There are 2 protein chains.
Amino acid sequence: MDISVLHNSILFKGFDDTEISELLKALNAAEKKYKKGTMIFSSGEITDKLCFVTAGSVTVESNDMWGNRTILNLVGEGQFFAESYALLPDVPMLVDVCAAVDCTVVFLSMKSLADLNDTIRARLLANLLTITTRKNLHLSSRSFHTAPRQVRGRIMAYLNTESVQKHSREFDIHFDRQQLADYLNVERSVLSNELSKMQRDGLIRCRKNHFEII
Amino acid sequence: MDISVLHNSILFKGFDDTEISELLKALNAAEKKYKKGTMIFSSGEITDKLCFVTAGSVTVESNDMWGNRTILNLVGEGQFFAESYALLPDVPMLVDVCAAVDCTVVFLSMKSLADLNDTIRARLLANLLTITTRKNLHLSSRSFHTAPRQVRGRIMAYLNTESVQKHSREFDIHFDRQQLADYLNVERSVLSNELSKMQRDGLIRCRKNHFEII
DNA sequence: GAAAGTATGTTGTAATTACAACGTTTTGGG
DNA sequence: CCCAAAACGTTGTAATTACAACATACTTTC
């Protein structure tokens, strides 16, 4: 098994090669290869496996009963999936996971966490906690930014957060228009239009990625 | 300090009274009372304190530069706030927290986590991880359910999840119409209307909280 | 520095949603 | 059982958004 990818992951941050090897053994690490298109998990399943993509990529998707398919996430090399389900072993998966291309996945048993010695376990849990907390903050922010019904409200919510984060009324954002539109769940053209109106109304000034709140 | 409320919290699940007392000391637990309307945290601040409401309630709110106030969360007795910020000590708060009524808050230093013995620390981290992971799943679901631009899409996304969770095409939901509308971020009347149309189109059958996917 | 490609801004129309107003059904006391 | 209150469904209109089509500006490459 190629542990170099694992070594650079946030999960094993602070662990050296020897410790990682021991951890892999203790967590019953199992490597498995999948052909493109193969289903790795399907909704309704229960798992305690934290999954790590060591090669290729997988899609997390929702396939509903009316035949609609929505890709929720593309998980590439060095990234995880199914963390939430692994850590909440009583919750059935609400999504499907498929191999986007030929890929290799390492499965780590979270049930086996209990068998680890307390020091190692605490360090691993701390890393996991950082990962989930960061994701949490991210999801909360987006939820807040997309909560207003109108485009202007969403823009203002977003810009205010950026301004607080950057400690300034003037700042650059890392989204281009299309990305910002997708993030705020609005049309790109409508977003551009509303930004223009907001400038005319004297609320903001902006040019490309640079914004100023007035 | 009244630890009975703390004792019943998810954070201290599995800990007995003695352990909780020791933990409180180790985490530099500090109790503080606030008059209604007082600001407890304001956006931009940094904190490593996990905050627990032992009496009264607080509001987590966003107050933007244009004077808009949005209440994001009402945190009552026995509940936490600022967990994410406490666990990510480099991230400045993006929200304000105010005393909704006269209240008492216990602050626990997460920086002091490192000083705990490994066994206790691992148990506490495991509890924290359960809390954040559960919240995570919840936020992800909502994000998915409100992603479709149209009302019908949101309803279908939501009903599909419920159906998978309940392992059946027929199930009850725990939202009434107004709550479901708020959750999906649509108008109640538009929701009612769309549900009717979906029944006419033969996609679902529903009556009050009971739904059937066809 | 011209050409091609990409990102952004603008506008008009069709489609969707918000909102208010009102009728109907359900629920919970008395 | 009746009444009042709450929850739910329906409808019409005003407001907003989606979408397409096109104009403009900026970037990259040769």
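The sequence lines fix the lettering, A, B, ..., with proteins before strands; numbering per chain opens at 1. Predicted, not measured: the structure shown is a model, and the values here were computed from it. Computation of the quantities below employed the complete heavy-atom set of this structure, encompassing side-chain atoms and omitting hydrogens, waters and symmetry-equivalent molecules.
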Practice item. Determine which pairs satisfy ring-ring contact (aromatic ring centres under 6.0 Å, His included) with at least one residue from residues 126-162 of chain A, sequence neighbours left out, and list them in order. Key: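 Pairs touching residues 126-162 of chain A that pass the test: A:His145-A:Tyr158, A:His145-A:Tyr183, A:Tyr158-A:Tyr183.
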
Check your understanding: Tell me, which pairs form a ring-ring contact (aromatic ring centres under 6.0 Å, His included) where one or both residues lie in residues 56-104 of chain B, sequence neighbours left out?
Key ->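 Residue pairs with at least one partner in residues 56-104 of chain B: B:Phe52-B:Phe80.
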
Under 4.0 Å between any heavy atoms, over every strand shown, what does [X] touch: base, sugar-phosphate, or nothing? Just pick one.
X        : result
A:Ser192 : base
A:Arg207 : sugar-phosphate
B:Arg188 : base
A:Asp176 : sugar-phosphate

Point to revise | Short side-chain N/O contact to C:dT27 OP1/OP2 from B:Lys208, under 4.0 Å | key: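 Checking B:Lys208 against C:dT27: at least one side-chain N or O falls below 4.0 Å of OP1 or OP2.
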
Check your understanding: Should B:Ser189 be listed as having a side-chain N or O under 4.0 Å from OP1 or OP2 of D:dC8?
Key ->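 Looking at the OP1 and OP2 atoms of D:dC8, neither is under 4.0 Å from any side-chain N or O of B:Ser189.
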
Checking contacts here: which listed nucleotide ([options]) is nearest the side-chain heavy atoms of [X]?
X        : options                : answer
B:Gln150 : C:dT17, D:dA18, C:dA20 : C:dT17
B:Val190 : C:dA20, C:dA18, D:dA18 : C:dA18
A:Arg149 : C:dA18, C:dT8, D:dC8   : C:dA18
B:Val151 : C:dT8, C:dT17, D:dT16  : C:dT17
B:Val186 : C:dA18, D:dT17, D:dA21 : C:dA18

Check your understanding: Is the closest side-chain heavy-atom distance between B:Pro89 and B:Met110 below 4.5 Å?
Key ->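 With C-beta onward as the side chain, the pair stays apart.
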
Practice item. Select from B:Asn185 and A:Arg177 the residue whose nearest nucleotide in DNA chain C is closer to the 5' end of that strand. Key: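 Its nucleotide being nearer the 5' end, the pick is A:Arg177.
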
Check your understanding: Looking only at side chains, do B:Asp96 and B:Asn63 share a donor and an acceptor under 3.5 Å apart?
Key ->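 A donor-acceptor contact under 3.5 Å links the two side chains.
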
